[in-house]
Amino acid sequence: MSSFTDLNLSPPVLRAIEKAGYTEPTQIQAEAIPIALEGRDIIGASQTGTGKTAAFALPVISQMIPGEKPQCLILEPTRELAAQVEDQMRLFGFYRPMNVVLLHGGVGYGNQTDGLSRKPDVIIATPGRLIDHLEQGNLDLSEIKYLILDEVDRMLDMGFLPDVKKIVDRCPQERQTLFFSATMPGAIQTLAQWALKEPAEIECGGRRSPAETVSHCFYPVAMDQRDELIEELVERTDFQSLMIFTRTKKEADSLYERMKSKEKAKATVLHSDIKQSDRTKALAGFRSGEFNMIIATDVAARGLDVSGVTHVINYRVPENPEDYVHRIGRTGRAQQEGDAFTLLSADELDYAKSVEFYVGQKIERKKLDNFDYTFTTLLQENAKPLRARRPPPKRRR
Ligand code: AMP
């Protein structure tokens with residue numbers, strides 16, 4: 001394994017790495033940093049939790065020239081991810097002061113417009129709000145030297161493709177582009193071919209497999225016993241910090257109501273209908289340990305780096321297998337052990353099979369001892385998926 005000092009990073013960045021307490025580069029950092037420092041474009045397939053942020057932040061900060069503004073643009077799919085990347089940019093730029101502005105929706109324009117008028121070196125933005133600022137003439141991207149497109153698959157999932165294209169179009173042709181996506185379906189490859197020049201391809205840690213430090217299993221349960229089972233699981237699990245993922249905002253809210261009254265749970269909730277200031281408080285409180293449980297929809301929580309998460313529970317099997325890997329990837333980060341449980345009901349058996357196919361392994365089914373299960377065929381081996389009922393034939397008039 002190489003050391004950071006072998007990577008040709010600038011002295012202020014090396015000092016910041018020391019301050020951050022990193023002793024050696026992760027695999028993606030060791031691979032991406034030398035290539036990025038050569039000025040080449042990169043297409044990186046890497047899960048969150050692998051040190052991807054530092055893999056692009058360190059070489060960019062190392063190369064930035066004071067005075068040319070704005071020179072770096074980082075696009076992120078969600079506000080929370082953008083804020084997280086901002087924290088890391090500030091951390092790694094500690095000894096190389098620079099002006100960073102964060103642009104995302106859900107808050108007023110005033111502070112952001114002020115920030116832009118102060119000529120930032122680095123802009124971290126979600127695509128929708130950046131487009132708003134561009135349309136209002138608040139910024140000009142013609143000086144951008146480093147363009148980072150992060151979590152591209154999620155930006156596309158969220159319908160940002162046209163915005164991303166518009167933004168890339170407003171950046172100069174002469175630039176370095178670093179492009180990261182956990183998955184690389186056809187639409188992403190097409191975008192990459194258009195946005196990148198002869199990129200070096202990096203694939204780290206296997207796109208598909210959950211971190212090895214996570215143990216994960218399914219808990220089959222009848223649909224109407226989900227809530228009871230999750231309560232029991234929470235009751236019996238010795239967690240320090242637990243993230244629960246739901247498919248919908250309504251599920252998140254109703255679970256939050258249930259968990260609030262539990263003595264061991266200091267719970268908070270995160271989804272897109274919650275005010276931005278409360279979302280920020282929820283996350284900050286979870287990070288600081290004020291809350292030991294956060295109940296979140298996947299969209300709100302994807303890619304968030306919260307260190308020390310000991311457990312993840314999926315209230316439902318994710319519809320996209322990649323989401324499964326992302327979610328459970330939140331435990332077992334930075335080599336800590338983590339446990340991830342997924343509740344599985346009969347209507348989700350097909351999703352469970354695609355998760356297993358995607359991660360290339362059969363996921364163990366577990367049964368909670370002394371839990372008063374009502375009958376579910378899922379508790380038997382080789383259960384068949386519950387097929388949707390055929391619609392009744394149309395009546396002739
Ligand atoms: P990321 O994949 O960028 O979200 O990073 C995941 C977590 O790993 C973050 O908490 C980082 O601070 C941490 N991290 C990144 N690189 C290193 C490193 N080289 N050594 C130790 N921790 C790291």
Side-chain angles (χ1 to χ4, degrees), residues 1-9 13-34 36-37 42 44-62 74-94 122 124 148-155 178-183 202-207 209-214 240-241 243 283-284 286-289 294 296 301-310 312 322-323 325-338:
M1 182 53 91
S2 60
S3 91
F4 280 112
T5 44
D6 298 333
L7 294 178
N8 263 340
L9 290 160
V13 167
L14 286 174
R15 280 172 71 200
I17 292 171
E18 213 181 311
K19 183 174 156 58
Y22 297 179
T23 49
E24 57 183 36
T26 64
Q27 192 191 347
I28 189 167
Q29 291 160 6
E31 289 194 28
I33 292 172
L37 287 172
I42 290 181
S46 176
Q47 298 167 36
T48 56
T50 52
K52 172 165 60 79
T53 317
F56 63 73
L58 299 173
V60 166
I61 299 173
S62 238
I74 304 173
L75 285 187
E76 293 290 337
T78 64
R79 306 157 191 183
E80 280 79 11
L81 265 178
Q84 197 168 285
V85 169
E86 182 199 15
D87 289 344
Q88 295 232 8
M89 288 299 279
R90 291 192 191 282
L91 176 70
F92 301 133
F94 192 80
V122 177
I124 303 163
I148 290 113
L149 304 174
D150 193 22
E151 302 265 341
V152 177
D153 49 354
R154 181 46 50 133
M155 291 205 276
L178 309 178
F179 184 108
F180 296 92
S181 187
T183 56
I202 296 179
E203 186 171 332
C204 280
R207 258 177 226 172
S209 42
E212 280 162 16
T213 46
V214 183
Q240 267 108 57
S241 63
M243 292 185 99
L283 254 183
F286 186 63
R287 285 206 169 100
S288 71
I294 193 161
R302 199 207 207 218
L304 287 182
D305 174 34
V306 186
S307 55
V309 173
T310 56
V312 162
E322 304 99 85
D323 286 342
V325 175
H326 278 295
R327 291 185 195 181
I328 74 168
R330 241 148 294 266
T331 64
R333 292 173 93 101
Q335 309 307 315
Q336 290 173 21
E337 300 284 319

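In listed order, ligands and their atoms are each counted from 1. In what follows, residues are counted from 1 in the order of the sequence shown.
The CZ atom of F56 lies 11.5 Å from the CD1 atom of I42; values are rounded to the nearest 0.5 Å.
In terms of N/O distances under 3.5 Å, ligand 1 is approached by G51.
There is a side-chain donor-acceptor pair under 3.5 Å between Q27 and E31. Neither side chain, Q84 nor R79, offers a donor N or O lying under 3.5 Å from an acceptor on the other.
When each atom of ligand 1 is checked for a heavy atom of E24 under 4.0 Å away, the hits are 18 (C), 19 (N), 20 (N). Shown in contact with F4 at under 4.0 Å from a heavy atom are these atoms of ligand 1, numbered in order with element: 19 (N). Taking a cut-off of under 4.0 Å to the non-hydrogen atoms of T53, the atoms of ligand 1 that pass are 1 (P), 3 (O), 4 (O).
Here the shortest heavy-atom distance to atom 16 (N) of ligand 1, taken over Q84, Q88, K52, Q29, belongs to Q29. Distances from atom 14 (N) of ligand 1 to the heavy atoms of Y22, F180, F56 show the closest one on Y22.
A donor-acceptor pair under 3.5 Å is absent between the side-chain atoms of S3 and the main chain of E24, judged by distance alone.
Applying the side-chain contact (heavy atoms from CB on, under 4.5 Å) test between E76 and each of V85, I148, L149, T53 identifies V85 as the sole match.
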